[in-house]
There are 2 protein chains.
Amino acid sequence: MKERLQKAFARTGLRQTPQRHDVLAWLVRHKRHSTAEEIFEAVNRSNQRLSRATVYNALHALVESGLVRPVAVEGAASRFDATLDRHHHFICDRCGAIEDLAWFGLPVKAMQAAAGGRAVRDVEITLHGTCERCARGKTKPPPKTE
Amino acid sequence: MKERLQKAFARTGLRQTPQRHDVLAWLVRHKRHSTAEEIFEAVNRSNQRLSRATVYNALHALVESGLVRPVAVEGAASRFDATLDRHHHFICDRCGAIEDLAWFGLPVKAMQAAAGGRAVRDVEITLHGTCERCARGKTKPPPKTE
DNA sequence: CCACACTCTTAGACTAAATCTAAAGTTGGA
DNA sequence: TCCAACTTTAGATTTAGTCTAAGAGTGTGG
Ligand SMILES: [Mn+2]
Ligand SMILES: [Mn+2]
Ligand SMILES: [Zn+2]
Ligand SMILES: [Zn+2]
């Protein structure tokens, strides 16, 4: 594990610091699209001195270097993902869960045509709907009348 | 214009109020993916009494009813879009501009396979990269050393 | 080994985004 | 007309994220 991260840092040229390591390690270990706050709370438990600003700094640096990918969520805190294998996301309307979907290819030709003269760095695909748990009524209808 | 909105409200069954009308009208007139705050400032100019909470309420109701679609932006305020014809989005890494892209179809089969048992309501596709203005160096490199 | 520039971390203040609250206003139907 | 449900309002509150200024760590050249 330690070595895997070592290599990741080396590969991207991003300077490794204990804080950045811990943030990345948390994301790699807990593949669940955590928010900056969640990461702060977790990592701060083992390192009392670690500050919120450092978590944001580290996340920015990691995103910048490509080791982490941000997942924007409408009206809520951004989430972060250290799973490098390419994949898509599914967000449940009801419970907000973010689930990984297997990668599927895109109509590259049509896409480039639509993009016109723009330089495309990345394509983000998010499906929205109802997750299986919610479909089975396993989740309380969102914090309402509850 | 007035009638178009009338019909839109009627069609979706969403109760029309002057405030909701004004919010929707602004979005229809200014096709530029405004934030709640921008809408508030604009609409509040002509109706002093309109409050921020109402803008958020109205936007939620409109999104709920399908007349408006939200556009999540990583690390920034959500934006809203009343252009109903389906289309995709392009977000510029450098200047943050959100541009509309012509619609292009998706590999439905592969997508459903990836979604498995989940009920998909909507698919959101966002391309990221550098817009044409930025590519031509027409924009100042984002608020840095500036 | 030291000096110095550079990078990074820290605590906490600050700004911005969004939600909540409780009271007042509006609406449509009985 | 009356009522219950719905909507709006101002402002407080919560939450997300940025900024700042001081200090700590790192690496290179002397
Ligand atoms: Mn993921
Ligand atoms: Mn659009
Ligand atoms: Zn769900
Ligand atoms: Zn741009």
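In what follows, chains carry the letters A, B, and so on, assigned in the order in which the sequence lines appear, proteins first and then strands, with residues in each chain numbered from 1. Values below: every heavy atom of this structure, side chains too, minus hydrogens, waters and symmetry copies. Because the structure is predicted, anything quoted here is derived from the model rather than measured.
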Query raised in the report: For N57(A) and dA24(D), what is the distance between atoms CG and P respectively, to the nearest whole Å?
Result: 18 Å
**Report entry** Atom-pair distance (CD on E37(A); P on dA16(D)), nearest Å
**Finding:** 7 Å
Query raised in the report: Where do S78(A) and E74(B) land on the side chain to side chain donor-acceptor pair (under 3.5 Å) test, with the steps shown first?
Result: CA-CA 6 Å; S78(A) 291; E74(B) 146 67 16; 2.8 Å; yes
Requested in this report: Measure from CD on Q16(B) to P on dT8(D) and round the result to the nearest Å.
Outcome: 11 Å
Query raised in the report: When we call it a touch if two heavy atoms are under 4.0 Å apart, what does S51(B) touch: a base, just sugar-phosphate, or nothing?
Result: base
Query raised in the report: Rounded to whole angstrom units, what separation is found between the NE2 atom of H21(B) and the C1' atom of dT8(D)?
Result: 17 Å
Report summary line: Heavy-atom nearest nucleotide on DNA chain D taken for E74(B) and for Q19(B); more 5' hit belongs to Q19(B)
**Report entry** First and last nucleotide of DNA chain C, 5' to 3', lying under 4.0 Å from heavy atoms of chain A
**Finding:** dT7(C) to dG12(C)
Requested in this report: Pick base, sugar-phosphate or nothing for T54(A), based on heavy-atom distances below 4.0 Å to the nucleic acid.
Outcome: base
Requested in this report: Have a look at S78(B) and say if it touches a base, only the backbone sugar-phosphate, or nothing, with a 4.0 Å heavy-atom cut-off.
Outcome: sugar-phosphate
Report task. Identify whether any heavy atom of A77(B) sits under 4.0 Å from a base atom; if not, whether one sits that close to sugar-phosphate; answer base, sugar-phosphate or nothing. Result -> sugar-phosphate
Query raised in the report: Quick one: does E99(B)'s side chain get under 4.5 Å of C131(B)'s, heavy atoms only?
Result: yes
Query raised in the report: Which residue lies toward the 5' end of DNA chain C, T35(B) or L50(A), if each is placed at its nearest nucleotide?
Result: L50(A)
Query - Nearest-Å distance for atom pair CG/P, residues L59(A) and dG17(D) - result: 10 Å
Query raised in the report: In whole Å, what is the span from the CZ atom of R52(A) to the P atom of dT18(D)?
Result: 13 Å
Query raised in the report: Which of parallel (below 30°), tilted (30 to 60°) and perpendicular (above 60°) describes F104(A) and H88(A)?
Result: tilted
Query raised in the report: Would E124(A) and R69(A) count as a salt bridge (charged side-chain N to carboxylate O under 4.0 Å, His left out) if you check the C-alpha gap in whole Å, the side-chain angles of each, and the deciding distance to 0.1 Å?
Result: CA-CA 10 Å; E124(A) 192 190 343; R69(A) 101 149 107 147; over 6 Å; no
Report summary line: Partner of D100(A) under side-chain hydrogen bond (donor to acceptor under 3.5 Å, both in side chains), picked from H87(A), K31(A), R32(A), is H87(A)
Query raised in the report: Any side-chain heavy atom of Q112(A) within less than 4.5 Å of one from R118(A)?
Result: no
Query raised in the report: Are any of R15(B)'s side-chain N or O atoms less than 4.0 Å away from OP1 or OP2 of dA5(D)?
Result: no
Requested in this report: Round to the nearest Å and state the distance from H60(B) atom NE2 to dT7(D) atom C1'.
Outcome: 15 Å
Query raised in the report: Just by distance, do the side chain of N44(A) and the backbone of L50(A) share a donor-acceptor pair under 3.5 Å?
Result: yes
Query - Candidate nucleotides dA10(D), dT8(D), dT26(D), ranked by approach to the side chain of R20(B) - the nearest - result: dT8(D)
**Report entry** Protein-nucleotide distance (L14(A), atom CG; dT26(D), atom C1'), rounded to Å
**Finding:** 14 Å
Report summary line: Of A76(A) and T17(B), the one whose nearest nucleotide on DNA chain D sits closer to the 5' end is T17(B)
